[in-house]
2 protein chains.
Amino acid sequence: MKSLVEEISKFPFFKGLPDEQLGELARICIEQDYEKGREIFSEGEAAKGFYLVVSGKIKVYKLSLEGKEQILHIFDSGEMAGEVPVFAGGNYPANARAIEAVRVLFFPRVSFMELLNRTPSIAVSLLAVLSQRLRFFTHMIEDLSLKEVPGRLAAHLIYLGARSRHGNTLELDITKTQLASLLGTIPETLSRILARMAQQGIITVQGKKIRVLDREALEALAAGGKGLI
Amino acid sequence: MKSLVEEISKFPFFKGLPDEQLGELARICIEQDYEKGREIFSEGEAAKGFYLVVSGKIKVYKLSLEGKEQILHIFDSGEMAGEVPVFAGGNYPANARAIEAVRVLFFPRVSFMELLNRTPSIAVSLLAVLSQRLRFFTHMIEDLSLKEVPGRLAAHLIYLGARSRHGNTLELDITKTQLASLLGTIPETLSRILARMAQQGIITVQGKKIRVLDREALEALAAGGKGLI
DNA sequence: AAGAATCCTTGACTTGTATCAAAAATTCCG
DNA sequence: CGGAATTTTTGATACAAGTCAAGGATTCTT
């Protein structure tokens, strides 16, 4: 039980809460493991609760009728998934699947809402989490509708570069097919654009490793300049 | 002062709060009027607070470098705008402008957060609001990336039809240029597609009035079927 | 009501990207 | 390790939608 409290206290939205409340959270949550490829919840399903990712990765995605997949978000450890219907009511608005072995903490809706009503100060930090996700989606909508694929890719590479600082070499932790879906395109197109950027000396690609050679060119592309021939 | 409390109590997220808290809200908010076309806040600006729309309409939008505009949302009376940076910190992530004469209640960030910490039960209902907006954006991302323009238009017409029930005739309350931007396209394309749908007997267009003749065809389009010739 | 400004429509053209197909390269697992 | 499954790349083709341009229709303003 003690380690669970420690685990929970590491999550940004529960950080700084008094031990008593951490204990309450620990009491209502359930540890679960999903192996790679396992479905965690699916669109339209009645929401039973939400998930905190302890380790591993979850993709949240939508499917078109023809089966085309648009990834909305990839949740890494420390992030919260499936919380929308818990607060807004209704069903899960998308599907979630483990893209690698995943350990999560599951918070059942009913007991969490009960706790929330008893200790509403938790809600204030959750507001920040939801607001950040809203901001992320705002960017995503902008990218999908305003920029062409090279621009979206450039923006994403810059975003990745800002997170993990290993010189200017960055390692994708998802497949290129998944990256394509995240960018709202298809693997073929992504492959062609990566090749084009490499040929122009902007980047270098070796498997999942991408090295940025010309950051300025990348930034020009991300800013919307139609530059890639 | 009394009328302000009444005003506030009508907003879904403050409905059901005790009079005492409504009074506190009334005390910290400021009534403001914006004439049509006036800028309310702009992207990157430090967030001073958020807005509740009392009457009129606000568009929240992003601009590309070339000046192309993507409308993220049109806020009608009863809705809340600009709250993301209030809870998540930082700046406004988009621009906001009155598309008709607008009356708003402005809640300054600092005093609102102070109130929120004193009476955190308000936060619980705000969680629902943010979650609903997240769900809306989830749909929007799906539409933008998974469907072609006719599908997006069809989905939007169905959505409008569900809201205002005037037979099967519905009246746009925004310009077609704005609708185009909301759908992630340009006026020329929207015009062509409306004409095509009219020619196929699915709808009839007269100015801002659109009459739905063949709801099934519309639903087929919205569902993603590539049907429009 | 007249003029100005905006919005809407239509046409010809260009282009980015999806599709289909099939080979090459990785990764996965027994 | 070695074969299977997946992922990635490349090519040829098709088409949806954006761009540019210009005329027509509204709507706004004085």
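Nucleic acid contact for B:Gly37: none, since no nucleic acid atom lies under 4.0 Å from a heavy atom of the residue.
For B:Arg196 against C:dT10, no side-chain N or O and base N or O form a donor-acceptor pair under 3.5 Å. Below the 3.5 angstrom threshold, one finds no donor paired with an acceptor across the side chain of A:Arg192 and the base of C:dG16.
Checking D:dG18, D:dT10, C:dT9 against the side-chain heavy atoms of B:Thr189 singles out D:dG18 as nearest. The side chain of A:Glu148 approaches C:dT17 more closely than any other nucleotide in the set C:dA18, C:dT10, C:dT17.
Not a single side chain to side chain donor-acceptor pair (under 3.5 Å) links B:Asn95 to another residue, sequence neighbours left out. The side chain to side chain donor-acceptor pair (under 3.5 Å) check on B:Ser42 picks up B:Glu45, with sequence neighbours excluded. Residues satisfying the salt bridge (charged side-chain N to carboxylate O under 4.0 Å, His left out) criterion with A:Arg133, sequence neighbours excluded, are A:Glu83. By the salt bridge (charged side-chain N to carboxylate O under 4.0 Å, His left out) test, A:Arg135 is found to be paired with no residue, residues two or more places apart in sequence or in another chain being considered. Every residue two or more places apart in sequence or in another chain that forms a ring-ring contact (aromatic ring centres under 6.0 Å, His included) with B:His156 is listed here: B:Tyr159. A:Gln70 pairs by the side chain to side chain donor-acceptor pair (under 3.5 Å) definition with B:Ser145, not counting sequence neighbours. The salt bridge (charged side-chain N to carboxylate O under 4.0 Å, His left out) check on B:Glu100 picks up nothing, with sequence neighbours excluded.
Regarding A:Gln206, its CD atom lies at a distance of 12 Å from the P atom of D:dT9, rounded to whole Å. Residue A:Leu179 contributes atom CG, which lies 14 Å from atom P of D:dT7 at whole-angstrom precision. The separation between B:Leu194 atom CG and C:dT10 atom C1' is 14 Å, rounded to whole Å. For A:Glu188 and C:dT19, the CD to C1' distance is 8 Å, given to the nearest whole Å. One atom, CD of A:Glu69, and another, P of C:dA18, lie 15 Å apart when rounded to the nearest Å. Residue A:Ile193 contributes atom CD1, which lies 16 Å from atom P of C:dT15 at whole-angstrom precision. Counting to the nearest Å, the C1' atom of C:dT27 and the NZ atom of A:Lys209 are 14 Å from each other. As rounded to whole Å, 14 Å separates atom C1' of C:dT17 from atom CG of A:Leu144.
Counting only Watson-Crick and G-U wobble pairs whose two distances sit under 3.5 Å, DNA chain D takes part in these stems of three or more pairs: C:1-6 with D:25-30, C:9-30 with D:1-22.
For A:Arg215 and A:Glu219, the salt-bridge test passes: some basic side-chain N is under 4.0 Å from an acidic carboxylate O. The pair A:Arg103-A:Glu31 meets the salt-bridge criterion, since a charged nitrogen lies less than 4.0 angstrom from a carboxylate oxygen.
Residues B:Gly184 and B:Lys36 both approach DNA chain D. Their nearest nucleotides, taken by heavy-atom distance, put B:Gly184 toward the 5′ side.
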Please enumerate all protein N or O atoms sitting under 3.5 Å from an N or O of nucleotides 3-8 of chain C, with distances to 0.1 Å.
{"residue": "C:dC8", "atom": "OP1", "partner": "B:Lys176", "partner atom": "N", "Å": "2.8"}
{"residue": "C:dC8", "atom": "OP2", "partner": "B:Lys176", "partner atom": "N", "Å": "3.3"}
{"residue": "C:dC8", "atom": "OP2", "partner": "B:Thr177", "partner atom": "N", "Å": "2.8"}
{"residue": "C:dC8", "atom": "OP2", "partner": "B:Thr177", "partner atom": "OG1", "Å": "2.6"}

